[in-house]
Amino acid sequence: MEMPSLPERADILIVGAGAAGLFAATWAGRAAQASGRPVSIVAVDGAKKLGAKILVAGGGRCNVTHWRVTEADYAGSTPPAIRKVLGRFTVDDTVKFFAECGVEFKREDTGKLFPITDSARTVLDALVTAASAAGARLIHPARATAIDACGDGFLVATEAGAIRAPRVILCTGGKSLPKSGSDGTGFAIAASLGHSLTAPIVPALVPLVLPGDHWIRGLSGLTLPAEIVLLSAGGKRLRSFAGSTLCTHTGLSGPSVLDISRHWLVERTRDLAVRLTINWLPGLSADDVERLLLAAPGRGALAVLRERLPERLVRLLCQAADAPPAGDLPREARRRLVQCLAALPLDVVGDRGFTVAEATAGGVPLAEVRLDTMESRIRPGLFFAGEVLDVDGRIGGFNFQWAWASGFVAGSAAAGATGGDCQIS
Ligand SMILES: Cc1cc2nc3c(=O)[nH]c(=O)nc-3n(C[C@H](O)[C@H](O)[C@H](O)COP(=O)(O)OP(=O)(O)OC[C@H]3O[C@@H](n4cnc5c(N)ncnc54)[C@H](O)[C@@H]3O)c2cc1C
């Protein structure tokens, strides 16, 4: 593969030119232009083609953000820390930025914002154009293999050669979809520079796997609203997500399952006895379901339930509960069926892993970063943005909004902090 040529040094080096890196490059360049100081900005990326993850996002349509974003839409780190960063670059700012780049959004019923073109390419092109117009050089493939502190700055070894910079912004993403270039190298680099990493680091927004012979697998392709509940060993409700739920040939997926997946995976590392249950009739409690079945004595469970659920599912639920689908429903059978409908235990045996996950739970803790600049508290001159940090959002455009906000803060601050004579030994 032909390697691009790298300059010997840059004033600001951005490692990773995904969503956060391109945004950091743009805002570093804009801040430098506004200050009138000459600042050289280089962004290196290991990928042959930039923006693979942006292009696949939202099924190729790129769900750029959500009309309403708060810290409650995220996990990892702490809500006040996340709020502080999000507050620096809001959804309105995102909409304005892209509008100025010629990308208009439409809002779907779910609150997700997509480009009106329905094409992620529009978003990627706008980001690359904005970064270049701001004066950033985008160089790839140039995968960083190590970063060493040297003098007042850093020596970054890449597969295309070494480059020195007094300011480095690490935007290497997490570990999800490793073929896109985000394979966790950034975590190792952050650790080598003295940062800690959360334990655990697990897939987020990932489908969950059920045992090979589980009857839910037989419903592959079925989508319906359901609520997934995470319970402690003692039965305390820890988390729940209601929404579209998809039965797959390996288990369960869809927004409700993807949203709860990281919570289940993280809690499991602390307590193997945490459990997931599914309520196939979200909004109805077990008592409500019982009343529903009692309201039509003699009608039969199938007749009552197929008004609300697909018949295939009702038959399998009756089977799982050992309850007759037609005719009288004896008390014990009704009790079992109510349990299967409102709180069916999900015998989850695993997840589909980072190759399928849309995000990563865990990373560099926000406590190790100055939130007003995203600069490392441990290694001055090193900045962070995006998924490499311990912040992950639920489905809906929240992960990109985090990339935009943290990229904006890191880029603007790195440029603001850079003097014209930033030489390093
Ligand atoms: C299938 C899929 C669909 C998604 N859909 C959405 C969506 O619609 N909306 C949403 O909000 N979020 C979505 N996400 C999540 C979102 O894409 C990420 O949260 C976001 O891209 C993170 O941005 P980032 O810049 O931090 O990391 P990334 O986008 O992962 O970018 C990191 C970049 O760093 C580069 N890199 C990594 N290591 C090195 C290295 N050592 N040297 C040089 N370069 C390196 C990589 O090549 C990559 O270009 C989706 C994710 C996936 C996998």
Side-chain angles (χ1 to χ4, degrees), residues 6 13-25 42-66 69 73-74 76 91 94 108 110 112-115 120 123-124 127-128 138-147 156-160 163 168-190 192 203-207 255 258 352-361 363-364 374 384-389 391-407 410:
L6 276 185
L13 178 66
I14 295 148
V15 180
L22 288 170
F23 224 62
V42 172
V44 292
D45 198 288
K48 209 167 150 193
K49 288 193 178 159
L50 286 186
K53 218 178 261 189
I54 294 170
L55 290 178
V56 297
R61 297 195 303 135
C62 193
N63 173 200
V64 177
T65 187
H66 194 276
V69 175
D73 299 306
Y74 296 84
V91 174
T94 302
E108 301 209 326
T110 52
K112 296 176 181 180
L113 267 59
F114 289 89
V123 175
L124 177 60
L127 288 167
V128 169
L138 310 179
I139 302 179
H140 64 99
R143 178 178 182 66
T145 50
I147 302 182
V156 180
T158 83
E159 288 174 350
I163 176 166
V168 167
I169 312 180
L170 200 62
C171 303
T172 41
K175 293 172 86 169
S176 62
L177 203 69
K179 68 174 183 197
S180 70
S182 321
D183 60 0
T185 321
F187 291 142
I189 289 175
S192 77
L205 303 181
V206 67
L258 298 178
R352 297 287 310 282
F354 281 113
T355 47
V356 174
E358 289 194 17
T360 303
V364 174
M374 304 312 284
F384 292 95
E387 208 177 297
V388 69
L389 291 158
V391 178
D392 55 291
R394 63 183 182 91
I395 282 280
F398 302 98
N399 283 303
F400 277 138
Q401 186 59 35
W402 173 252
W404 314 139
S406 56

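Counting convention: from 1, in listed order, for ligands and their atoms alike.
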Is the distance between the ring centroids of F400 and W404 under 6.0 Å?
-> yes

Check each atom of ligand 1 against the heavy atoms of [X] and keep those under 4.0 Å away; list them by number with element.
X	result
C171	32 (C), 33 (C), 34 (O)
N63	7 (C), 8 (O), 9 (N), 10 (C), 11 (O)
L177	53 (C)
T185	41 (N)
A357	53 (C)
G386	26 (O)
V56	1 (C)
F398	11 (O)

Is [X] close to ligand 1, meaning an N/O of one under 3.5 Å from an N/O of the other?
X	result
D183	no
A403	no
G58	yes
G186	no
F400	yes
Q401	no
A142	no
K53	yes
A144	yes

Does some non-hydrogen atom of G174 fall short of 4.0 Å from ligand 1?
-> no

Any non-hydrogen atom of G396 lying under 4.0 Å from ligand 1?
-> no

List the steps, then state whether side chain to side chain contact (heavy atoms under 4.5 Å, CB included) holds for D73 with H66.
-> CA-CA 10 Å; D73 299 306; H66 194 276; 6.0 Å; no

Only one of [options] forms a side-chain contact (heavy atoms from CB on, under 4.5 Å) with [X], so which one is it?
X	options	result
I14	L138, I169, V168	I169
S182	K53, E387, K175	K53
F354	D183, T360, L177	T360

Under 3.5 Å, is there a donor-acceptor pair between the side chain of N399 and the main chain of Q401?
-> no

Using modelled atom types only, decide if a donor and an acceptor are shared between the side chain of H140 and the backbone of V44 within a distance under 3.5 Å.
-> no

Among non-hydrogen protein atoms, atom 39 (C) of ligand 1 lies closest to T172 CG2, 3.6 Å

Intermediate values then yes/no, side chain to side chain contact (heavy atoms under 4.5 Å, CB included), M374 and L389 = CA-CA 10 Å; M374 304 312 284; L389 291 158; 3.5 Å; yes

